Colleague: 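Can you keep this structure in mind? I'll have questions shortly.
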There are 2 protein chains.
Amino acid sequence: MTVAIRPASDTFTPRQQVVLTAALDLLVEAGDGLTMTAVARRASCSKETLYKWFGDRDGLLTATVQWQAAKVRVPAVDRKTLDPVSLKLSIQQFARDLLSTIAGTTSVALNRLAITHATEDNGLGAIVLDNGRFTMGKRLKPVLEAGRDARMLRFDNAETAFRTFFGLVLRDVQIRLLLGDKFTLTAKEIEADAERATEQFFTLYGTNQAPRAR
Amino acid sequence: MTVAIRPASDTFTPRQQVVLTAALDLLVEAGDGLTMTAVARRASCSKETLYKWFGDRDGLLTATVQWQAAKVRVPAVDRKTLDPVSLKLSIQQFARDLLSTIAGTTSVALNRLAITHATEDNGLGAIVLDNGRFTMGKRLKPVLEAGRDARMLRFDNAETAFRTFFGLVLRDVQIRLLLGDKFTLTAKEIEADAERATEQFFTLYGTNQAPRAR
DNA sequence: GCCGAACCGTAACGTACGGTACACCTCCGA
DNA sequence: TCGGAGGTGTACCGTACGTTACGGTTCGGC
């Protein structure tokens, strides 16, 4: 499932980044209705340049997705200072970041695009999966395992535990947004959801070493 | 969010159902690459007939989605014979059906199509939401409330409880499939997942009246 | 100031496909 | 037998858009 990322994926020239930004904006606005002409106009460049730089429309889309996906940053957690409270706060912060990322218009547009083209052989779906769902898992797993080593969490399989966490945090939010359901999450709601999901996760996987609440 | 369903949405003639079946098959095979010509060829009818019956491409897609969505059946639960074991079995069966439906190729293709067109004003996204996610909620809620009335479940809001259940059952399955991740669920895995999700749901929302396990 | 490379703006080409027009066939009731 | 309604197959049109080609322009190095 790992996808070959362009070696120089983050070495776009400033001018190219302007183009990619324009493409991303148009993607959010018009979805897959994005045309090469529109990108060229928005970025004040010629189509010929687009084709020279990115090969074809697919290449431009792929570059855009990679470029944006690489910007997703998930917080790392310091394993040294591990006490029940900081563990829980780390997980809760992770939940908050995950939820606000997924609920953002950029994520929705990017996932829509990738899903639309998921059956083709350009790896858009795989790229989004790798930089989204799977990267999240890789980032949180060390935290979970640290919690387990410290006897604050109990689970057999970190992957399975993460998947449950993923479900508890996102629930139906992502699919509803992807399907065009117009509902927005305020910062306050995101915070409350993150706290709820974290509580539930500790209820399912916590030990008595960990803070519990209901 | 409620969508006006065609009054006669289930009164398609057999011949029309052949056309809709062909369209659905092509949808699964080719996704949005489905063309009117291909549908006409597959169903051995003329394009002119397609346009007479369904108006335009959008109408055909909408009819196909409605027709298939109406076929989704969610199990009803008999509230009379409510004991801890049957409640849990009902919920577990619901989880199994939900998971196997969502993981099916038809559901994936339909959701892809709806997501692709979610930004347009044809109500594909809304139709799928209504017949999928929201219908599921409406069907399970009475069960949950019956469980609460019988002191076997504890929650403030049935909608919120259902959303958590939804997340526990599906986790990352739907988004991964939509993004083209090639993984399949065997009947055995679906059964195990349904049981796990149900256990976790009871851990979170059950009372001591309900069967608990870990 | 000169040269070449890179880039811009735009026009044009090719194609795919939604949608339409039309000739022909089939069936059925009078 | 006949006529018309409904259906099939096919050719065709218009359009949108990806892609290419080309003339004009900017800019860095000498």
Side-chain angles (χ1 to χ4, degrees), chain A residues 8 11-65 67 109 112-114 116-124, chain B residues 8 11-65 67 109 112-114 116-124:
Chain A
T11 61
F12 292 115
T13 69
R15 188 75 184 95
Q16 288 173 329
Q17 294 193 21
V18 169
V19 170
L20 292 176
T21 302
L24 194 58
D25 289 348
L26 283 173
L27 217 54
V28 173
E29 292 170 23
D32 202 19
L34 165 140
T35 72
M36 299 298 276
T37 305
V39 174
R41 193 160 38 221
R42 178 74 66 104
S44 293
C45 74
S46 74
K47 289 208 277 182
E48 188 170 11
T49 302
L50 294 184
Y51 284 99
K52 184 186 303 182
W53 284 348
F54 303 104
D56 55 8
R57 185 172 184 270
D58 243 36
L60 173 60
L61 292 179
T62 304
T64 305
V65 169
W67 183 64
R112 278 217 189 101
L113 180 75
T116 298
H117 297 147
T119 57
E120 301 155 28
D121 51 359
N122 59 21
L124 278 191
Chain B
T11 62
F12 292 116
T13 68
R15 187 76 182 94
Q16 287 173 330
Q17 295 192 23
V18 170
V19 171
L20 292 176
T21 302
L24 195 58
D25 289 348
L26 283 173
L27 216 53
V28 172
E29 292 171 21
D32 203 20
L34 164 142
T35 73
M36 298 299 275
T37 304
V39 174
R41 193 160 37 222
R42 177 74 66 103
S44 293
C45 72
S46 73
K47 286 208 287 179
E48 191 166 11
T49 301
L50 294 184
Y51 283 100
K52 185 184 303 179
W53 285 349
F54 303 103
D56 56 7
R57 183 172 186 269
D58 244 35
L60 174 61
L61 292 179
T62 304
T64 306
V65 170
W67 183 64
R112 280 218 187 102
L113 180 74
T116 298
H117 296 151
T119 56
E120 302 156 27
D121 52 358
N122 58 22
L124 278 191

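Only a predicted model underlies this, so the values are computations on that prediction, with no experimental measurement involved. Letters go in sequence order (proteins before strands), and every chain restarts at 1.
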Colleague: Going by heavy atoms in the side chains, are Gln17(A) and Thr13(A) under 4.5 Å from each other?
Modeller: no
Colleague: Rounded to the nearest 0.5 Å, what separates atom CZ in Phe54(B) from atom OG1 in Thr64(B)?
Modeller: 6.5 Å
Colleague: Any chance you could measure Thr35(B), atom OG1, to Lys47(B), atom NZ, to the nearest 0.5 Å?
Modeller: 7.5 Å
Colleague: Show me the protein contacts with nucleotides 19-24 of chain D, counting only N or O atoms at under 3.5 Å.
Modeller:
unit_1, atom_1, unit_2, atom_2, d
dT19(D), OP2, Tyr51(A), OH, 3.3
dT19(D), OP2, Arg57(A), N, 3.1
dT19(D), O4, Lys47(A), NZ, 2.4
dC22(D), N4, Glu48(A), OE1, 2.2

Colleague: Report for the helix from dG1(C)-dC30(D) to dA30(C)-dT1(D): angle between first-end and last-end helix axes, five pairs each, rounded to 10 degrees.
Modeller: 0°
Colleague: Grab the NZ-P distance between Lys52(B) and dA21(C) for me, whole Å please.
Modeller: 13 Å
Colleague: Can you check whether Thr49(B) has a side-chain N or O nearer than 4.0 Å to OP1 or OP2 of dT8(D)?
Modeller: yes
Colleague: Between dT8(D), dG18(C), dC8(C), which one does the side chain of Ser46(A) approach most closely?
Modeller: dC8(C)
Colleague: For the residue pair Glu48(B) and Trp53(B), establish whether any side-chain heavy-atom pair is separated by less than 4.5 Å.
Modeller: no
Colleague: What is the nucleic acid contact for Leu50(A), judged by heavy atoms within less than 4.0 Å: base, sugar-phosphate only, or nothing?
Modeller: nothing
Colleague: Which atom pair, heavy atoms only, marks the closest approach of Leu34(B) to Arg57(B)?
Modeller: O-NH2, 3.0 Å
Colleague: Hey, does the side chain of Arg15(B) come within less than 4.0 Å of dT8(D)'s phosphate (OP1/OP2), counting only N and O?
Modeller: yes
Colleague: Measure from CZ on Phe54(B) to P on dG7(D) and round the result to the nearest Å.
Modeller: 11 Å
Colleague: Enter the distance from Leu20(B):CG to Leu27(B):CG here, rounded to the nearest 0.5 Å.
Modeller: 11.0 Å
Colleague: Can you check whether Trp67(A) reaches Gln16(A) side chain to side chain, under 4.5 Å on heavy atoms?
Modeller: no
Colleague: Roughly how far apart are Asp32(B) CG and Leu61(B) CG, rounded to 0.5 Å?
Modeller: 7.0 Å
Colleague: Rounded to whole angstroms, how far apart are CD on Gln16(B) and C1' on dG6(D)?
Modeller: 13 Å
Colleague: Have a look at Leu60(A) and say if it touches a base, only the backbone sugar-phosphate, or nothing, with a 4.0 Å heavy-atom cut-off.
Modeller: nothing
Colleague: Hey, what do you get for OG1 (Thr21(A)) to CZ (Arg42(A)), rounding to the nearest 0.5 Å?
Modeller: 11.0 Å
Colleague: For a quick check of understanding: with a heavy-atom distance under 4.0 Å over all strands, which category does Arg41(B) fall into, base, sugar-phosphate or nothing?
Modeller: nothing
